[in-house]
> 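The following block contains the structure, expressed as structure tokens.
From a predicted model like this one, the values you see are computed outputs, not experimental measurements.
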Amino acid sequence: MWQSVPDTAILTWDNAKTYCDNLTLAGYTDWRLPNITELKSIIDYSYFASNYWYESHFTLEAAYYWSSTTYAGSTADAHLVYFLIAGTNYGSKTSTYRAVCVR
């Protein structure tokens with residue numbers, strides 16, 4: 001189950017994890033930041049208008065979103081998905097990006 005309308009806050013990695021861990025939504029309290037595989041699973045590669053996410057299910061910004069997965073090349077970085085171009089990358093955990101939660 002995904003958070004269909006995430007908060008528009010821009011967060012560090014630690015704050016994104018805390019935000020999801022503390023989220024109460026639809027009667028559930030077991031939300032968390034998705035790992036990179038889960039986050040990539042909501043990319044719809046067959047669709048492009050102004051985004052690459054399943055638009056009928058999500059209201060996401062065309063921006064980078066944090067995953068909970070630490071980048072193997074540096075524990076100071078974590079994997080990201082950029083939904084505007086359906087791309088993945090990694091960024092410093094102290095940088096600020098958006099978060100969408102899963103349970």
Side-chain angles (χ1 to χ4, degrees):
M1 179 179 212
W2 288 89
Q3 176 187 23
S4 61
V5 182
D7 191 298
T8 59
I10 300 172
L11 307 164
T12 65
W13 185 74
D14 283 331
N15 289 342
K17 287 178 60 177
T18 299
Y19 164 73
C20 289
D21 288 347
N22 293 326
L23 183 64
T24 299
L25 181 66
Y28 298 101
T29 59
D30 59 342
W31 296 92
R32 62 182 171 74
L33 194 63
N35 66 44
I36 189 61
T37 302
E38 292 167 327
L39 193 55
K40 287 176 14 180
S41 76
I42 62 174
I43 296 173
D44 181 358
Y45 292 100
S46 68
Y47 179 76
F48 178 77
S50 60
N51 59 62
Y52 274 100
W53 61 86
Y54 288 97
E55 194 169 62
S56 61
H57 301 294
F58 299 98
T59 302
L60 300 174
E61 298 291 322
Y64 278 107
Y65 282 79
W66 284 116
S67 81
S68 64
T69 307
T70 296
Y71 177 61
S74 169
T75 58
D77 299 323
H79 285 275
L80 305 159
V81 170
Y82 187 45
F83 286 101
L84 180 64
I85 61 169
T88 60
N89 206 338
Y90 62 91
S92 170
K93 291 178 179 178
T94 59
S95 295
T96 54
Y97 302 105
R98 298 190 186 277
V100 60
C101 306
V102 68
R103 64 170 299 275

> Using every non-hydrogen atom in the two residues, find where S68 and W13 come nearest and quote the distance to one decimal.
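Heavy-atom minimum between the residues: O-CZ2, 3.4 Å.
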> Name all residues meeting the salt bridge (charged side-chain N to carboxylate O under 4.0 Å, His left out) criterion together with D30; count only those two or more places apart in sequence or in a different chain, and write none if there are none.
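So D30 forms a salt bridge (charged side-chain N to carboxylate O under 4.0 Å, His left out) with R103.
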> Which heavy atom in N35 sits nearest to a heavy atom in T37, and how many Å separate them?
OD1-N, 3.0 Å
> Would you mind reporting whether L39 and V100 have side-chain heavy atoms less than 4.5 Å apart?
yes
> Taking side-chain contact (heavy atoms from CB on, under 4.5 Å) as the definition, give me every residue that meets it alongside A9, ordered by chain and number, with sequence neighbours left out.
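Counting only residues at least two positions away or on another chain, A9 forms a side-chain contact (heavy atoms from CB on, under 4.5 Å) with D7, L11.
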> Would you indicate whether the side-chain heavy atoms of Q3 and V102 approach each other to under 4.5 Å?
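A side-chain contact under 4.5 Å is absent here.
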> List in chain and number order the residues that pass side chain to side chain donor-acceptor pair (under 3.5 Å) with T70, two or more places apart in sequence or in another chain; answer none if no residue qualifies.
K93
> Look at the side-chain heavy atoms of Ile, Leu, Val, Met, Phe, Trp and Tyr, link any pair under 4.5 Å apart, and say whether M1 and Y65 land in one connected group.
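In one cluster with M1: Y65, no.
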> By side chain to side chain donor-acceptor pair (under 3.5 Å), which residues pair with S92, not counting sequence neighbours?
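Partners of S92 under the side chain to side chain donor-acceptor pair (under 3.5 Å) test: T94.
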> SG/C101 to NZ/K17 distance, rounded to the nearest 0.5 angstrom?
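Nearest 0.5 Å value for the SG-NZ distance: 12.5 Å.
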> Sequence neighbours excluded, which residues qualify as side-chain contact (heavy atoms from CB on, under 4.5 Å) partners of L80?
Y64, W66, Y97
> Using side-chain contact (heavy atoms from CB on, under 4.5 Å) as the criterion, list what pairs up with A72, not counting sequence neighbours.
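Listed in chain order: nothing, the list is empty.
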> Flag the pair W2 / P34 as yes when at least one side-chain heavy-atom distance between them is below 4.5 Å, and no otherwise.
yes
> To the nearest 0.5 Å, tell me how far L23 CG sits from L33 CG.
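Answer for the CG-CG pair, L23 versus L33, is 11.5 Å.
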> What are the two closest non-hydrogen atoms of A99 and P6, and how far apart are they?
O-CB, 3.4 Å
> Who pairs with Y90 by side chain to side chain donor-acceptor pair (under 3.5 Å), at least two apart in sequence or on another chain?
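Scan of Y90 (side chain to side chain donor-acceptor pair (under 3.5 Å), adjacent residues dropped) gives none.
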> Would you please name every residue forming a side-chain contact (heavy atoms from CB on, under 4.5 Å) with T12, sequence neighbours left out?
D14, N15, T96
